[in-house]
Structures are given as C-alpha cells and as structure tokens.
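Below, chain A is the first sequence line, B the second, and so on; all start at residue 1.
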Amino acid sequence: MDITESYANRLLIAEKERVGIAALTDENPSFSTTDAYAVQLEIIKQKQQSGQQIVGKKIGLTSVAMQELLGVDEPDYGHLLHGMVVENGSEVSFERVMQPKVEGEIAFVLNKELKGPNVTALEVLQATDYILPALEIVDSRVKDWKIKLPDTIADNASSGLYVLGGTPKRIDKIDLSQVGMVLLKNGEVVNTGVGAAVMGHPANCVAWLANKLSEFDITLNKGEVILSGALSAAVNAEPGDVFTAKIAHLGEVSVRFSS
Amino acid sequence: MNKTEIAKFLLDAELERQDVVKITANKVPDLTVEEAYEIQQELVTLKLEQGHSIVGPKMGLTSRAKMKQMNVEDPIYGYIFDNMVVQDGTAISLSDFIHPKVEAEIAFILGKDIEGPGITGAQVLAATEHVVSALEIIDSRYENFNFTLPDVIADNASSSKVVFGNLIRKPEELELDLVGTTLTINGEIRDLGAGAAVVGHPANSVAMLANMLHRKGDKLKDGQIILTGGITGAVQLSNGDVVSAKLDGLGEVSFSVKE
C-alpha cells in the first residue's frame with residue numbers, strides 16, 4: 001500500500017469509527033497540498049466503489065479570515081456525495097457527525113458544464129441554472145480540528161453534510177456580492193455576512209473551482225451542486241441545536257441536531 | 001457632582017479636539033448610567049443653546065460583540081445635531097477630530113411620533129417614512145477610546161459626524177435584517193455584515209430606543225432621522241482614506257479623509 005492509500009484508509013477509518021486522528025502534517029511535515037488532493041481523490045474513489053455518487057463540489061477557505069487562520073492565500077475544494085444531503089428542516093443524528101460546525105452559504109446548480117482553465121465569473125453566472133440558500137455542516141476527521149491546509153484537503157476539505165433550502169432562484173436579478181445572510185442558532189443571531197465575504201463575489205469562488213479542477217482534468221458538470229463558501233464564520237454545533245440561515249432574496253434553510 | 005460642569009468639560013474636549021481621561025477615573029468614580037444620561041442631557045442643552053438643532057437620536061452598542069465587550073444588556077443612545085451632518089461624497093478633515101472611526105449603518109426617517117413603552121419592531125416599521133444608508137463617524141472624547149459605560153453615555157455616545165446616502169427607500173420594500181453591507185476603504189473591504197447584526201433587526205433598535213426614551217418621559221418625533229447602530233465594526237480613519245459603504249438595495253454612501 002502506498003502512502004496515499006494508507007492516509008486515505010486512515011481517514012476513512014476515522015470517519016467510520018468516529019475517532020479523530022492526529023494531523024497528517026504532524027507526522028509528515030513534507031505532506032504537500034498536491035499529496036493531499038491525491039489522498040482526497042483516493043477517498044472519493046473508494047467511496048464511489050462502495051456506491052456513493054458525486055453530486056457536486058464544495059469550496060472551502062474562501063474568506064480572508066479563514067485563509068489567514070491557516071496561513072494560505074487560496075481556497076480549497078472537496079467533493080459532495082449523495083449521502084451527505086440532509087433534507088431542509090429535518091433532524092441530523094449526532095451519531096452521523098464527529099465535531100460539527102455550521103456555516104451559511106449560497107449553493108449554485110449548473111445548467112451546463114464548466115471546464116477550466118480561464119473560466120471567468122461571468123461564465124459562471126451564464127452557466128448557473130439556479131441558486132439556493134445552503135447550510136454546510138463541516139466536520140473534521142482530524143482530532144480537535146488541529147488542521148493545516150494539506151490536512152483539510154486530504155480530509156475532503158472537512159466536508160460533512162449539507163442542507164439546501166429555499167426556492168430555486170435565477171441569478172440574473174440578484175447582485176450576489178451584496179446579498180446579506182444571517183445565521184441563527186436556537187433562534188439567536190450568531191453572526192451575519194454578505195456575498196462579498198467570499199472572494200468578493202460567490203461566482204468568483206466557482207470560477208476558481210472550475211480552474212483549479214482543470215489541474216486534475218476534472219470538469220464541473222451540468223446539474224452539479226456547488227457550495228460556494230461560508231458567508232460568515234463556522235459555528236460549533238452541540239446536540240439539540242437548531243440552525244437557520246436566512247439569505248436575502250433566497251429564503252431560508254434550517255437543520256436540527258438530535259439531542 | 002456638578003453635571004453642567006462635566007458636560008461643559010466634555011463639550012470643550014470636543015470643540016478643542018483634545019482627548020481627556022475618562023470622567024469615572026477621578027471626577028465621578030461612582031457615576032451611574034442614570035446620572036450619565038443626565039450629564040448627556042446637559043450636553044444636549046448646551047449644544048441647543050449654541051444654536052444647533054437635533055437631527056435625531058442614535059443608537060450605540062447594538063451588536064452582541066460590543067454589548068458583551070462592555071458587559072451590558074441594552075444598547076445606549078446619544079444625539080446627532082445638524083452641524084454633524086456631512087454631505088455624501090465630500091471630504092472630512094482629520095484636524096476636526098481626535099481619533100475618528102467609521103461604521104456603516106441604516107438610518108430610519110420617521111413619518112410619525114413613536115412613544116413607548118411596549119413598542120415593537122413592527123410598530124417602528126409602520127411609523128417609518130423611509131430608510132437610508134449612513135456612514136457614522138464616531139470620535140470618543142476619551143483617550144484611546146478607553147471608557148466605561150457611564151463615560152460613553154455622558155460623552156453623547158461618541159457621536160461626531162454622519163454621512164447619509166441619497167437613495168431613500170420605503171422600509172417595506174426591503175428585508176432590513178438581510179441587507180448585506182460592505183465597508184470599503186481605499187478599495188479594500190474592511191468589514192461586512194447584514195442588518196441582523198443590529199439587535200436582530202434594525203427596527204428592533206429603534207423600538208428599544210423608543211422604550212428607553214419613554215422611561216425619561218420622552219419620545220421619538222415625526223421627521224427625526226435615527227441611526228440604528230453599526231452593522232459593521234468601527235474602523236479607524238487615516239489621512240487619504242476613501243471610504244464607502246454599499247448596502248443592498250440602499251445604494252452607496254461615501255466620503256474621503258484629508259488632513
């Protein structure tokens with residue numbers, strides 16, 4: 001077994017047994033982002049072999065604050081699989097997560113494929129079928145979220161579950177850079193955000209993704225869901241918590257954790 | 001304690017642009033919130049005697065973060081006067097201030113009086129003629145913005161200047177809690193948020209104000225313009241800054257800073 005498979009297995013077992021592992025970069029300081037994407041792709045390949053289907057992508061580390069926290073200057077991405085979808089308004093068993101945090105963001109659904117390099121934000125807008133408000137439940141298979149950039153990339157960009165809400169809206173009459181968002185936890189405002197928080201405009205994030213994926217010869221496909229990045233800081237979730245994100249013009253989306 | 005003398009002391013600091021040690025440090029160590037509002041009232045009277053007129057009250061400490069920082073449950077208020085209003089798109093001079101900071105807000109222009117107690121956000125919206133974007137410049141008269149709650153109340157809630165935008169909207173045309181807001185200085189986004197950052201909804205801020213004013217037998221008056229509190233944090237101003245705020249549906253408001 002090579003190191004990519006070995007690390008992939010370690011993360012898969014951590015997820016299955018719900019026991020966080022030490023950061024891969026702790027044991028292997030030379031573990032690079034390129035190595036890390038190879039681990040992520042290996043994990044996704046194994047999950048596909050066990051019947052999971054790719055339904056989209058997520059972009060992480062899109063805010064300046066998050067990038068500064070990890071000492072990086074670009075986002076990262078992960079894969080969305082069909083088993084990660086949670087129905088709007090439903091309950092998530094705390095058995096399905098390890099150390100979840102919740103973020104509010106805008107989801108894009110494409111009406112045609114996007115293939116980098118050189119994809120622009122304008123092309124993203126033209127290729128967008130509709131947008132939705134989304135809650136992303138991020139999670140880490142690394143103990144206590146003690147992650148560096150390669151650790152989160154290998155761990156499928158700390159993907160957990162996601163919830164799509166609202167009513168599909170066309171993108172052409174909405175200035176997404178100025179769309180406001182409020183994240184409520186148990187009915188109280190925990191933070192607010194705006195579309196410009198993610199690389200100036202959520203479509204910039206999707207363009208970055210399309211271009212980054214071209215390095216791996218991957219295309220964004222028609223119908224894929226793309227979570228474009230958190231509009232405000234991730235908030236820790238405890239058993240029994242209810243989260244709601246309200247996004248201007250797009251409606252709201254909520255989820256409850258089992259107690 | 002001579003309240004008029006303390007009010008005059010703070011007014012002199014404002015007029016001479018000379019910061020002072022907080023009044024609770026030695027002048028009035030046991031100053032209560034109630035007494036602080038009495039000093040503020042003296043200050044307001046002095047300004048009225050100098051020929052200035054009230055534009056409207058303003059709310060401060062409306063974000064959870066600021067309330068927590070000051071360890072208070074309620075926001076505070078102060079008053080904006082006609083000589084504090086700066087035209088949109090013009091320049092302010094640093095020499096007119098001690099250590100100015102700027103924050104982006106939504107202002108309510110009332111079409112009716114609002115008298116507490118028991119006023120709710122919905123009643124505020126019904127009594128509001130228009131809403132407009134605003135940049136508020138705060139400038140504490142205290143050294144290094146070092147103050148306790150009674151200090152800042154006596155100091156007219158750090159009021160200094162305000163720039164109103166020139167796009168007025170009916171409040172019912174907007175979801176004011178979801179108005180995405182970006183505060184940009186010299187082309188760089190320095191802070192952002194949505195209307196809900198202000199006690200859950202900017203109209204709640206006005207309702208709390210009406211209820212607080214009722215306790216001293218006062219009310220909000222038809223035609224007053226009320227600053228509801230910062231959606232963004234307060235950002236320090238420097239010579240040469242070009243400052244603008246964009247609020248979704250409320251356009252843009254800006255000013256520049258010269259020596």
Side-chain angles (χ1 to χ4, degrees), chain A residues 62-68 73 103-106 131 133 165-167 169 171 173-205 228-233 235 243-253, chain B residues 62-68 73 75 103-106 121 131 133 165 167 169 171 173-185 187-205 208 228-233 235 244-253:
Chain A
T62 44
S63 71
V64 173
M66 281 303 293
Q67 290 180 12
E68 281 176 355
D73 57 8
E103 307 173 327
E105 42 197 287
I106 296 169
I131 51 177
T167 310
K169 286 280 163 64
I171 207 166
K173 291 197 175 74
I174 301 174
D175 175 3
L176 282 183
S177 67
Q178 287 302 130
V179 163
M181 191 271 312
V182 55
L183 183 63
L184 301 134
K185 177 177 172 174
N186 304 327
E188 287 206 11
V189 175
V190 276
N191 56 41
T192 68
V194 59
V198 287
M199 301 176 77
H201 191 298
N204 289 340
C205 302
S228 60
L231 300 181
S232 62
V235 177
F243 286 87
T244 302
K246 288 164 70 179
I247 300 185
H249 318 295
L250 301 186
E252 61 182 76
V253 52
Chain B
T62 48
S63 75
R64 275 171 62 95
K66 276 191 194 167
M67 279 192 237
K68 209 172 164 187
E73 301 275 313
E103 51 192 42
E105 314 193 7
I106 296 172
V131 290
S133 58
L167 176 64
R169 294 285 300 272
E173 291 170 2
L174 300 163
E175 295 175 285
L176 289 174
D177 56 339
L178 298 181
V179 167
T181 302
T182 48
L183 176 62
T184 300
I185 300 185
E188 188 190 338
I189 293 176
R190 296 291 297 276
D191 203 4
L192 46 80
V198 181
V199 293
H201 192 298
N204 293 348
S205 174
M208 292 168 103
T228 55
I231 295 172
T232 66
V235 179
S244 72
K246 274 173 81 176
L247 286 85
D248 195 21
L250 289 169
E252 195 166 350
V253 50

### Task
Report the C-alpha separation of A/Met181 and B/Leu178 in whole Å, then their side-chain angles, then the decisive distance to 0.1 Å, and conclude whether the side chain to side chain contact (heavy atoms under 4.5 Å, CB included) test is met.
CA-CA 6 Å; A/Met181 191 271 312; B/Leu178 298 181; 6.0 Å; no
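- In this structure, B/Leu192 and A/Ala196 approach most closely via the heavy-atom pair CD2-C, 4.4 Å.
- Neither the backbone nor the side chain of B/Ile231 comes within contact range of chain A, judged by heavy atoms closer than 4.5 Å.
- The pair B/Arg64-A/Glu188 meets the salt-bridge criterion, with a side-chain N (NZ, NE, NH1 or NH2) lying under 4.0 Å from an Asp/Glu carboxylate O.
- Side-chain contact check for B/Asp248 versus A/His249: some heavy-atom pair is nearer than 4.5 Å.
- In this structure, the side chain of A/Gln178 engages the main chain of B/Gly180 through a donor-acceptor pair within 3.5 Å.
- Looking at B/Ser63, there are no atoms closer than 4.5 Å to chain A (heavy atoms on both sides), in backbone or side chain.
- Neither the backbone nor the side chain of A/Leu184 comes within less than 4.5 Å of any heavy atom in chain B.
- Here the closest non-hydrogen pair linking B/Ala194 and A/Gly193 is CB-O, 3.6 Å.
- Atom CG of B/Asp177 and atom OG1 of A/Thr192 lie 10.5 Å apart (nearest 0.5 Å).
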